[in-house]
Colleague: 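Handing you a structure now.
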Amino acid sequence: MPSTYSITLLWDEQRDGYIAYCPEFPELEAFSSSPATAAAGIEAQILARLNEMHGRGAPPPAPRHCVPFSGQFRLRLPKSLHATLSREAEDEGLSLNGYIQYLLAARHAATIATQPNATHRIDDIQETVRLIQDRVDSLTFTQEEHPNFLWNNESAATISLQ
């Protein structure tokens, strides 16, 4: 009988297959070239873990459920923190709401980077950045060789061919 726990499937390009994991049991993971087999593998591990916990008399974690979210919540802060965040937001040219979203997103990104399965994604991104850097470093030509090449140095982010 299937459990009522969440299963997440991700494609793992490095291993050329699917990784299945359960957020309620972050230590469990299954891998397969087929998404159905990966899902079945993690389901089997969940059931085995539940049986093991039942045998020890340990309570299982509560399953996650689909819940609609409004995207809003009310937050009360100490006055000193409210003042500090408001000043920082103003210094950054952001609304207080936008600044707090930025801070939460940065913290969330740092948390995700330390979770299981995130290491290979970070390695992929770093390798891609290295490849791009190598290609940019190898661009050594003159304006006469490529007269349609334009570098907009004001933004330092625009390269275009005309």
Side-chain angles (χ1 to χ4, degrees), residues 1-78 81-82 84-86 88-89 92-139 155-161:
M1 179 172 138
S3 72
T4 58
Y5 288 93
S6 306
I7 294 176
T8 302
L9 285 170
L10 297 172
W11 173 254
D12 185 335
E13 194 168 319
Q14 288 180 337
R15 298 191 324 188
D16 196 31
Y18 292 90
I19 294 176
Y21 70 95
C22 176
E24 294 92 338
F25 294 98
E27 70 280 6
L28 301 180
E29 180 181 289
F31 176 81
S32 176
S33 60
S34 149
T37 307
I42 194 70
E43 184 69 30
Q45 289 183 38
I46 292 168
L47 293 174
R49 179 59 51 91
L50 289 171
N51 287 334
E52 180 263 326
M53 292 176 82
H54 179 70
R56 288 186 293 124
R64 287 183 171 181
H65 297 285
C66 291
V67 178
F69 293 98
S70 68
Q72 299 179 16
F73 68 96
R74 188 173 178 103
L75 177 65
R76 288 177 171 60
L77 301 171
L81 180 57
H82 187 183
T84 300
L85 289 170
S86 294
E88 290 175 5
E92 294 294 326
L94 297 170
S95 68
L96 179 58
N97 185 61
Y99 185 60
I100 291 173
Q101 285 178 4
Y102 161 75
L103 293 174
L104 288 171
R107 174 75 172 126
H108 179 68
T111 301
I112 287 175
T114 61
Q115 288 180 351
N117 302 324
T119 305
H120 70 276
R121 287 179 273 187
I122 292 170
D123 292 343
D124 288 346
I125 292 168
Q126 289 174 335
E127 180 60 25
T128 301
V129 168
R130 277 192 289 276
L131 289 170
I132 291 170
Q133 193 171 22
D134 289 346
R135 289 182 181 167
V136 169
D137 289 346
S138 69
L139 288 175
S155 69
T158 304
I159 300 174
S160 62
L161 292 175

Colleague: If you round to the nearest 0.5 Å, how far is CZ of Phe31 from OG1 of Thr37?
Modeller: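 Taking OG1 in Thr37 and CZ in Phe31, the distance rounds to 11.0 Å.
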
Colleague: Counting only heavy atoms not in Arg107 (residues, nucleotides, ligands), do more than 12 fall under 6.0 Å from its CZ?
Modeller: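 No, the 6.0 Å shell around CZ holds no more than 12 heavy atoms from other groups.
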
Colleague: What is the distance from atom CD1 of Ile100 to atom CG of Leu77, rounded to the nearest 0.5 Å?
Modeller: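 Ile100 CD1 to Leu77 CG: 6.0 Å, rounded to 0.5 Å.
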
Colleague: Could you tell me which non-hydrogen atom of Tyr5 sits nearest to which non-hydrogen atom of Pro60, and how far apart they are?
Modeller: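 Closest approach of Tyr5 to Pro60, heavy atoms only: OH-CB, 3.6 Å.
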
Colleague: Closest heavy-atom contact between Ser32 and Ala38?
Modeller: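 Here Ser32 and Ala38 meet closest at CB-N, 3.5 Å.
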
Colleague: From Asn51 CG over to Ile46 CD1, what is the distance, rounded to the nearest 0.5 angstrom?
Modeller: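 The CD1 atom of Ile46 is 12.0 Å from CG of Asn51, to the nearest 0.5 Å.
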
Colleague: Do Met53 and Phe25 make a side-chain contact, defined as non-hydrogen atoms from C-beta onward lying under 4.5 Å apart?
Modeller: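 Heavy-atom side-chain distance check passes, below 4.5 Å.
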
Colleague: Using side-chain heavy atoms (C-beta onward) and a distance below 4.5 Å, is Tyr18 in contact with Trp11?
Modeller: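 Of all side-chain heavy-atom pairs linking Trp11 with Tyr18, at least one is under 4.5 Å.
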
Colleague: Working to the nearest 0.5 Å, report the span between CZ of Arg49 and OG of Ser3.
Modeller: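 The OG atom of Ser3 is 13.0 Å from CZ of Arg49, to the nearest 0.5 Å.
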
Colleague: Which pair of non-hydrogen atoms, one from Pro23 and one from Ser6, has the smallest distance, and what is that distance?
Modeller: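 Closest approach of Pro23 to Ser6, heavy atoms only: CD-O, 3.6 Å.
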
Colleague: When you measure from the side chain of Tyr21 to the backbone of Leu10, do you find a donor-acceptor pair of N or O atoms at a distance under 3.5 Å?
Modeller: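 Side chain of Tyr21 to backbone of Leu10: no pair is present.
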
Colleague: To the nearest 0.5 angstrom, please state how far the CD atom of Glu43 sits from the CG atom of Leu28.
Modeller: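 With rounding to 0.5 Å, CD (Glu43) is 11.0 Å from CG (Leu28).
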
Colleague: Less than 4.5 Å apart, side chain to side chain, heavy atoms only: is that true for His82 and Leu96?
Modeller: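 Yes, side chains in contact.
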
Colleague: Where do Ala39 and Ala20 come nearest, in terms of heavy atoms and distance?
Modeller: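 Closest heavy-atom pair between Ala39 and Ala20: N-CB, 4.1 Å.
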
Colleague: Which atoms form the tightest heavy-atom contact between Arg15 and Glu29, and what is the distance?
Modeller: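 Here Arg15 and Glu29 meet closest at NH2-OE2, 3.7 Å.
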
Colleague: Hey, could you give me the CG/OH distance between Leu94 and Tyr102, rounded to the nearest 0.5 Å?
Modeller: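 Leu94 CG to Tyr102 OH: 9.0 Å, rounded to 0.5 Å.
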
Colleague: Which pair of non-hydrogen atoms, one from Gln45 and one from Ala30, has the smallest distance, and what is that distance?
Modeller: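 Heavy-atom minimum between the residues: NE2-CB, 3.8 Å.
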
